[in-house]
Every structure is written in C-alpha cells, then in structure tokens.
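Below is one structure, written out as structure tokens; comments come after it.
Everything numeric in this text was worked out from a predicted model, so none of it was measured. Every chain is numbered from 1, with letters handed out A, B, ... down the list of sequences.
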Amino acid sequence: MCLALGVKVSPPPPATEAELVARAAALAGRTLGSLADELELSVPSDLRRAKGFPGMLMERALGATAASRAEPDFPALGVELKTIPVDARGHPCESTFVATIDCATIGEVEWERSVVRAKLARVLWMPIEGSRPIPVGDRRIGSALIWSPSPEEERLLRFDWEELAGVIGQGEVERMTGHLGRNLQVRPKAANSRSRRRAFDRDGARCAVLPRGFYLRASFTSALLARHFHLST
DNA sequence: TATTGATCATAT
DNA sequence: ATATGATCAATA
C-alpha cells in the first residue's frame with residue numbers, strides 16, 4: 001500500500017487544456033508554502049538564490065514535463081506556463097522573460113516563424129503574490145488565465161519584434177538597449193555580464209556578444225491581466 | 001520608484 | 001556550455 005509514497009504528490013500531465021485550466025483554477029488562494037509541503041519540496045527563505053522557484057513549483061503542481069526542454073511546458077496541449085509576480089493591486093512586479101535570441105540568425109527569421117510568436121501563441125498565466133516583504137511560503141496564488149494574443153496584441157508584438165530583430169539582424173547588437181520596444185524589449189539573459197555568444201557585427205564579421213532575450217514589458221502583461229479581471233473590453 | 005542591466009539554480 | 005525557470009539590484 002505504500003508503493004507510491006512520495007510519488008502520488010506529482011500529478012500526471014493533464015490530458016486536455018480544460019483539465020489543465022481546471023487544475024490551475026483550483027490552486028487559486030493557495031500559498032506557495034502549502035503547495036510545497038504537499039509536493040514535499042522545501043521553500044527557500046527568499047528568491048535571491050532560487051529565482052526559478054515559483055515557476056518550478058507550478059510546473060510540478062500542474063504536471064508539466066519536469067525536464068527543461070525547448071518545447072512548450074505542455075507539449076501535447078501546446079501550452080506555455082508562465083508564473084507572473086504581482087503586487088497587492090494585481091500589477092506585475094516584473095517583466096516576463098519570453099525567449100533567448102540567436103543573434104547570429106534572427107535576421108533571417110520572419111515574425112510568423114519566430115520563437116516569440118510560437119511561445120506566446122497559447123499561455124497559461126499564473127499570477128502569484130510577488131511583493132518582497134511577503135515571506136515566499138506565504139505568497140498566494142491568484143486566479144489563472146489561459147490566453148492567446150488578440151489580433152491587436154499580436155500586431156503590437158509583431159511591430160516591436162520586427163524593429164528589435166531588425167536592429168540585431170543588421171549587426172547592431174551592441175546598440176541594443178532595454179529602452180527599445182513599446183511592449184516587447186531586449187535585455188541580457190545570461191549567467192553574468194562576461195557571458196558571450198557568437199554573432200555578426202555590422203560588417204558581417206564574426207563577433208561575440210552578451211546573450212540577450214526578449215521580455216514582455218510589465219505594462220503589456222498588466223493590461224492583459226486587467227482585461228481578465230475587469231469584465232469589460 | 002520604475003526600469004534597465006545583471007545574475008542565480010538546476011538540468012541536459 | 002546552453003536552455004529552462006525567472007528575480008535581483010543598481011541606476012536614472
């Protein structure tokens with residue numbers, strides 16, 4: 001009778017999107033601490049050395065594939081899981097990482113085939129209290145939202161993506177700054193500032209640059225979440 | 001104090 | 001080393 005001790009705590013992958021959404025919805029109001037206890041995981045005192053804790057915890061709780069792969073979190077459903085830290089008013093505390101950038105080839109890619117578009121095609125947003133004074137274990141999980149970009153949202157994302165990818169594609173990576181882009185931006189995504197990835201400079205010569213990634217600005221995700229909680233628009 | 005640039009853990 | 005999960009912390 002005890003064969004499954006420590007095993008039953010991790011649920012199997014949901015069979016349908018509806019099942020996934022139902023599981024996520026059932027987590028609303030729970031704290032990260034109670035969920036961690038149930039999954040037999042320890043809660044870090046803070047996130048300085050455990051930045052991925054909320055995300056990993058939700059993956060386990062919802063039955064996502066444990067292995068970190070270059071696939072959606074729920075391959076069979078085509079759904080990407082994103083936790084998003086929010087303040088007391090429900091406003092995102094942070095931007096949302098979307099994807100790393102291959103600076104050497106992004107110039108050859110079109111928006112329709114971009115990894116940003118693919119990753120954001122279907123997202124399960126899990127808002128979680130993220131105010132730093134709140135102990136990690138006491139942080140509550142909010143109301144989940146399954147989302148796909150509206151035609152207008154996709155238009156906005158495409159506009160920024162084409163500008164940003166265009167700059168990098170022209171070999172102007174070093175001119176890239178987090179100030180560019182209204183809804184999507186490019187920022188470092190690396191172990192540290194000495195990390196390097198191969199790319200091409202403006203003359204087409206090989207060079208090494210700081211790895212970067214695409215991020216959704218908080219203003220964008222804030223509007224997206226607000227649309228969910230206010231019944232209009 | 002909002003935002004940009006820097007960084008951390010784990011797994012493959 | 002690279003990719004996944006992100007948040008931290010210095011700056012403007």
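Look at A:Gln185 and you won't find any side-chain N or O under 4.0 angstrom from OP1 or OP2 of B:dT3. Using a 4.0 Å cut-off, no side-chain N or O of A:Thr100 falls inside it from OP1 or OP2 of C:dT2. Phosphate contact (OP1/OP2 of C:dA3, side-chain N/O of A:Arg197, threshold under 4.0 Å): present.
Atom pair A:Arg212:CZ and B:dG5:C1' shows a separation of 9 Å (rounding to whole Å applied). For A:Leu57 and C:dG5, the CG to C1' distance is 12 Å, given to the nearest whole Å. Rounded to an integer number of Å, the gap from CG of A:Leu41 to P of B:dT10 is 12 Å. Atom-to-atom, CE of A:Met56 to C1' of C:dG5 comes out at 4 Å; the value is rounded to the nearest Å. Summarising the geometry, the separation between CZ on A:Arg217 and P on B:dT3 is reported as 8 Å, rounded to the nearest angstrom. Atom pair A:Leu210:CG and B:dT7:C1' shows a separation of 11 Å (rounding to whole Å applied). For A:Leu216 and B:dT3, the CG to C1' distance is 15 Å, given to the nearest whole Å. To the nearest angstrom, P of C:dA1 lies 12 Å from CZ of A:Arg198.
For A:Phe53 and A:Ala191, each mapped to the nucleotide of DNA chain C holding its nearest heavy atom, the one lying further toward the 5' end belongs to A:Ala191. With DNA chain B read from its 5' end, the first of the two nearest nucleotides for A:Cys93 and A:Lys189 is the one closest to A:Cys93.
Side-chain atoms of A:Lys82 lie closest to C:dA6 of the nucleotides C:dA6, B:dT4, C:dT4.
Contacts of A:Ala190 with the nucleic acid, taken as non-hydrogen atoms under 4.0 Å apart, include base atoms. Across all strands, A:Glu71 comes closer than 4.0 Å to no nucleic acid atom at all (heavy-atom distances).
Other residues, nucleotides and ligands contribute more than 12 heavy atoms inside 6.0 Å of the CZ atom of A:Arg30.
A:Val186 and A:Phe159 fall into different hydrophobic clusters, where Ile, Leu, Val, Met, Phe, Trp and Tyr side chains are chained together by heavy-atom contacts under 4.5 Å.
Tested against A:Trp125, the residues A:Thr96, A:Ile146, A:Leu81 include a single side chain to side chain contact (heavy atoms under 4.5 Å, CB included) partner, A:Thr96.
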Heavy atoms under 4.0 Å is the rule here; annotate nucleotides 7-12 of chain C 5' to 3' with B where the base is hit, S where only the sugar-phosphate is, and - elsewhere. BBB---
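For A:Asp87 (side chain) and A:Cys93 (main-chain N/O), no donor-acceptor pair under 3.5 Å exists by modelled atom type.
No side-chain donor from either of A:Arg60 and A:Ser10 sits under 3.5 Å from a side-chain acceptor of the other.
The residues A:Glu153 and A:Arg227 are annotated as salt-bridged, a charged nitrogen and a carboxylate oxygen being separated by less than 4.0 angstrom.
The side chain to side chain contact (heavy atoms under 4.5 Å, CB included) search around A:Ala104 returns A:Asp102, A:Phe200, not counting sequence neighbours.
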